[in-house]
Amino acid sequence: MPSTPTLLLLLLAASARCSAALIRAPLTRHDDATFIDVVREGLVRFEGLLSSLGGGDGDIVIKDYQNSQYFGQMSVGTPGQSFDVIFDTGSANLWVPAKDCTNCGGRIVGRKHKYDRTASSTYVVDDAAFAIEYGSGPVSGNWSVDTANMGGFDIEAQRFAEVKDASGLGIAYKLGKFDGILGLAFDTISIDKTPTPFKNLMDQGKIDRGVFSFYLGKTDGADGELVIGGIDESHFDGALFWMPVSRVGYWQLDLDDVSMSGLSVGADAQAIVDSGTSLLTGPSDAVRTLASIVGAKRNVVGEYLVDCDATHPDLTFRIGRRDFTLTSEEYVIRASEDSCLFAILAMDIPPPGGPLWILGDVFMRKWYTVFDYEHEQLGFALAA
Ligand SMILES: *[C@@H]1O[C@H](CO)[C@@H](O)[C@H](O)[C@H]1NC(C)=O
C-alpha cells in the first residue's frame, strides 16, 4: 500500500494514430494534462476485491474505485480466465495482460490477473504486433484469438491483445484495480478494424438488442451496472432522451452549447461520451474561462483546484436543445480533506477529429446512458 494515496484518474479515449483507415486526428494530450501521474493525499480507499458478479443475463456489476475508475468482470479462454476490465466507450479494443508480462502492474499492490494461452483449449495463435495509444498513454503486445465472455454471453473467436507493456498508462494502471480494457466504441476506430466484443456478440446473434447501458453507482463506492443487450429501467427516472451519433467511431454527438452563469463557452461543438475518462475535458480556452468563473486555481500538473466550501454556479451542457446541468456538488470532487478538484480538464484535440469535449464519468454518474450500437444513437435519463 502506498504511503501517499492517489487519485487515479484515467483518460482512455483511444487515439486514432495507430489505426490506418482512421478519419480522425491523433488524440494528443494537452501539455498540462499529465494529471494522471499526480500523487495526492486523500481519497484512496483500498476496498475489498471483487465479490458478487453478474452473469448469464447480460448484467455486469460495475465496481467504483475512487469515483475515478469503473470496472467489471469478464473472461477470456476455456475454461474462462477472469479479468477486471474497464468497459471503455472511448476505445474499441480488448486487451488483457499476457502471462509473461513484466510491465503490467505492481508486484504487490496493483497485481494483475494474467492470461495464460496454454491453459485455454479455444486459444488460436495470431501473434501479430498490437499497439494502441490512449489519452493516458500507449499499450502494446501481440494479438491472439480466443473465446471471450461478457455478461454471461460467449463471444466466439474474439481477436484481442495479450499485452506485454502497459507501463505507458502510468500509476493509474499500476495502482489501479483493473487488469485490462474492453473497448465499447464502434469498430471503425478499432485497431485493424478488428470487430469489438460487442459487435461480435451482435453478429453472432447472442443478444436480443444491439444496445448496452451504463449505470454508475450514485454514491461513493456503490456498485453500478452495465447491461449488455438491454436497458434497466429500474435505474433511471422518466423517459430516455435520444440523440443520434453525429460521427460513428467514438460515441460522439452534437453539443449545442456549454455554459455557466449565462456565459457560453462552447457553442456548436462536438462531444464524446466516454466511460473510460474519469472527469470531463474541454478545449483549453473554454476550460480556462469556466475555471475563472468558479475561481479555480491551476496547479503544476494542470488540474484546477477549487474552494471546497463555496457553492459555484451550475455547469450546463446543452444537447438536443435540452439542458444537462451539473451542480457544483456534482462537478467538484474532493481530492483530500482540504482540497477539491474542478472536474474538468483542458485538452485540445486537433482537427479534423477535434475539437471535442469529453463527457466522462462525472457526466455518466448523473445520467443513465444507453449506447444503441444498432441504431447509432445515445439515450439519456436521470440515473436513479
Ligand atoms: C509481438 O509483437 C512485437 C511488438 O509488440 C513484435 O516485435 C513481435 O515480433 C511479435 N511477435 C510475433 C511472434 O510476431
Side-chain angles (χ1 to χ4, degrees), residues 10-22 24-29 34 36-37 71 74-78 80-88 90-107 110-148 155-176 178-197 199-200 249 276:
L10 281 174
L11 186 57
L12 294 182
S15 155
R17 191 179 307 154
C18 307
S19 185
L22 264 217
R24 56 189 72 258
L27 180 58
T28 46
R29 257 189 313 173
T34 49
I36 193 126
D37 284 315
F71 57 93
M74 54 84 61
S75 70
V76 183
T78 309
Q81 301 174 33
S82 290
F83 297 95
D84 300 321
V85 296
I86 305 262
F87 289 92
D88 177 25
S91 68
N93 289 91
L94 168 64
W95 65 263
V96 294
K99 188 178 178 216
D100 58 350
C101 182
T102 51
N103 281 310
C104 293
R107 268 190 292 272
R111 242 190 114 135
K112 308 300 180 185
H113 298 102
K114 291 178 179 168
Y115 172 74
D116 180 0
R117 56 168 73 176
T118 65
S120 175
S121 63
T122 41
Y123 162 74
V124 179
V125 66
D126 182 318
D127 273 345
F130 169 88
I132 189 169
E133 184 85 23
Y134 296 101
S136 288
V139 166
S140 62
N142 296 81
W143 290 99
S144 284
V145 175
D146 206 337
T147 300
I155 312 161
E156 324 293 343
Q158 178 63 49
R159 193 167 183 239
F160 70 103
E162 289 189 49
V163 157
K164 307 279 170 64
D165 187 0
S167 59
L169 293 180
I171 199 171
Y173 178 69
K174 193 161 187 184
L175 299 183
F178 65 103
D179 303 310
I181 294 174
L182 190 151
L184 288 166
F186 292 90
D187 49 12
T188 48
I189 63 162
S190 133
I191 308 293
D192 293 352
K193 294 259 168 70
T194 300
T196 65
K199 183 65 168 31
N200 273 334

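First listed ligand is number 1; within each ligand, the first listed atom is number 1.
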query: Can a non-hydrogen atom of Ser140 be found less than 4.0 Å from any atom of ligand 1?
result: no

field: Shortest non-hydrogen separation from Gly276 to Ile86 and the atoms involved
entry: CA-CG2, 4.2 Å

field: Heavy-atom protein neighbour under 4.0 angstrom from atom 9 (O) of ligand 1
entry: no

- line: Ranking Ala98, Ala128, Ala129 by closest non-hydrogen atom to atom 4 (C) of ligand 1, top hit is Ala129

Plane angle bin for Phe160 and Tyr115 - parallel if under 30°, tilted between 30 and 60°, otherwise perpendicular: perpendicular

message: Donor-acceptor check, side chain of Asp179 to backbone of Asp84, threshold 3.5 angstrom: yes or no?
response: yes

task: For Tyr134 and Asp88, test the side chains for any donor-to-acceptor distance below 3.5 angstrom and give the result as yes or no.
output: no

- request: Report the nearest protein non-hydrogen atom to atom 14 (O) of ligand 1: residue, atom name, distance rounded to 0.1 Å.
  value: Asp127 O, 3.0 Å

- prompt: Considering only protein heavy atoms, which is closest to atom 11 (N) of ligand 1, and at what distance to one decimal place?
  reply: Asn142 ND2, 2.9 Å

- prompt: Can you tell me the protein heavy atom closest to atom 5 (O) of ligand 1 and the distance?
  reply: Gly141 O, 3.4 Å

- prompt: Taking only residues two or more places apart in sequence or in another chain, which ones pass side chain to side chain donor-acceptor pair (under 3.5 Å) with Lys114?
  reply: none

